[in-house]
Chemist: 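Would you mind keeping the following structure in view while I ask a few things?
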Protein chains: 2
Amino acid sequence: MSKAKYIPCLLSLFRQHGYDGATLAKISEATGLGKASLYHHFPNGKDEMVNTILNSLQVFMEDQILATLAGEGEPLAKFERMCDRLSYVYENGDQPCLFAILLMGSARDTFHDQVKRIFQAWIDAMVGVFQNAGLDQELAKRRAEDAAIAIQGALILTQGLNDPRIFQRVINELPQKLCSALF
Amino acid sequence: MSKAKYIPCLLSLFRQHGYDGATLAKISEATGLGKASLYHHFPNGKDEMVNTILNSLQVFMEDQILATLAGEGEPLAKFERMCDRLSYVYENGDQPCLFAILLMGSARDTFHDQVKRIFQAWIDAMVGVFQNAGLDQELAKRRAEDAAIAIQGALILTQGLNDPRIFQRVINELPQKLCSALF
DNA sequence: GTCTATATTAAGATAGAC
DNA sequence: GTCTATCTTAATATAGAC
């Protein structure tokens, strides 16, 4: 797939400008491709671009995060690995979350199902860690949701106050916090 | 100001569709006013509409939330009042946060400063409660940020999973959680 | 204060040459 | 696979009558 080549650039554009704000003119300039060339690679236009990005992010999460959470190791180490990978994705808080962006705009209806599946898979993987550590199902579910809430909320507040230290603090504290719930 | 009459309808539209998705055609249909009439009330178009909404939300927060946090009473009662008012604003989790929507779209540059001021005033008010209760400044700041993070994150996850119970759980647990940090 | 009609611009999208 | 040129639509915005 030659599409993969353009994913980083497209991800950056959609995160910076949102779905509607990332116009074909901007995409054309950023990728260096004319509009017609963009339609050669992505016949369904922007929807296909975002879909390609979402598939890529889903694979990243499955390979880098969900696999770790489901594998061998201590809960603390798993959550530290998860937070490390999330810091990488969100560039230490400098970048907002594409999922949140898609949920908050006019493209919500188009991409909601896909975003929901990714969120759910992530939370389910965390639930698995908590249940393996002995938490009952309900408590495990709440703790997993709380983790996702902390990440997403930190990203919003970081954007709102223009202060990546908020995201960095939350990410640093999260593994310990999640494991302290285990005792 | 006759503009106030249209705020609920406009707020609903921008929350549902985002800044770009809330087109003048949709606004015209929802308000029952023709496009030209909309420009009579809001000469600067959508920007002025959003600005009017933001001013209204700021006043609501100052009157209903910041005043309570800065007034007399126990911390627990103050936070319970805050969460009650936030549940009202977000309709028990059914509605997303306009601030987050504006931060995540193409209108970020236009409204970021105003959103930042509102966020900062809210957090400062919570910091005041924690400091009055004896927490040192740094810890008070972190706890206040954590409260805002929990609310914003819960709204994102609620949208993503299409499950308002997430917001409701977080809102119900928050006052106790914030006060447990005081002992 | 509201309307109809229209202007203007920019968006997404395509045709067809190279 | 990329381009120039163009099409179509829909967006914001305005003029001017009532």
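Just so it is clear: chains get the letters A, B, ... in the order the sequence lines come, proteins before strands, and each one is counted from 1. Basis for what follows: all heavy atoms, side chains included, without hydrogens, waters or symmetry-related copies.
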Chemist: If I take atom NE2 in residue A/His41 and atom P in nucleotide C/dA13, what distance separates them, rounded to the nearest angstrom?
Modeler: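 For the pair A/His41 NE2 and C/dA13 P, the rounded distance is 17 Å.
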
Chemist: Under 4.0 Å, heavy atom to any atom of DNA chain C: which of residues 24-38 of chain B qualify?
Modeler: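 DNA chain C contact set from residues 24-38 of chain B: B/Gly32, B/Leu33, B/Gly34, B/Ala36, B/Ser37.
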
Chemist: Would you list the pairs meeting ring pair (Phe, Tyr, Trp, His ring centres under 6.0 Å) in which at least one residue belongs to residues 132-166 of chain B, sequence neighbours left out?
Modeler: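 Listed once each, the pairs would be none.
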
Chemist: Going by atom type alone, with no hydrogens or angles, which donor-acceptor pairs under 3.5 Å involve a side-chain atom of residues 76-85 of chain A and a protein atom two or more places apart or on another chain?
Modeler:
unit_1	atom_1	unit_2	atom_2	d
A/Lys78	NZ	A/Leu69	O	3.0
A/Lys78	NZ	A/Gly71	O	2.8
A/Arg81	NH2	A/Gln64	OE1	3.2

Chemist: Looking at C/dA13, I'd like to know if its phosphate oxygens (OP1 or OP2) sit under 4.0 Å from a side-chain N or O belonging to A/Tyr39.
Modeler: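 Result: yes.
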
Chemist: D/dT12, D/dT2, C/dG12: which one has an atom nearest the side-chain heavy atoms of B/Thr23?
Modeler: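 For B/Thr23, the side-chain atoms sit closest to D/dT12.
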
Chemist: I need the minimum non-hydrogen distance between A/Ala30 and A/Leu13, along with the two atoms involved.
Modeler: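 Closest heavy-atom pair between A/Ala30 and A/Leu13: CB-CD1, 3.5 Å.
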
Chemist: Would you list the atom pairs, donor with acceptor, under 3.5 Å between side chains in residues 120-129 of chain B and any protein atom, with sequence neighbours excluded?
Modeler:
unit_1	atom_1	unit_2	atom_2	d
B/Gln120	NE2	B/Asp124	OD1	3.2

Chemist: Rounded to whole angstrom units, what separation is found between the CZ atom of A/Phe42 and the P atom of C/dT14?
Modeler: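 To the nearest whole Å, that distance equals 15 Å.
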
Chemist: Nearest-Å distance, NZ (B/Lys3) to P (C/dG1)?
Modeler: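 Those two atoms, NZ and P, are 12 Å apart.
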
Chemist: Taking 4.0 Å as the cut-off, does a side-chain nitrogen or oxygen of A/His40 come that near to OP1 or OP2 on C/dT14?
Modeler: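 So the side-chain polar atoms of A/His40 never come under 4.0 Å of the phosphate oxygens OP1 or OP2 of C/dT14.
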
Chemist: Applying ring pair (Phe, Tyr, Trp, His ring centres under 6.0 Å), name anything that partners B/Phe111, two or more places apart in sequence or on another chain.
Modeler: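 Residues passing ring pair (Phe, Tyr, Trp, His ring centres under 6.0 Å) with B/Phe111: B/Tyr19.
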
Chemist: Please output the side-chain donor-acceptor pairs of residues 93-106 of chain B that fall under 3.5 Å, not counting sequence neighbours, one pair per line with the distance.
Modeler:
unit_1	atom_1	unit_2	atom_2	d
B/Ser106	OG	B/Asp20	OD1	2.9
B/Ser106	OG	B/Asp20	OD2	2.7

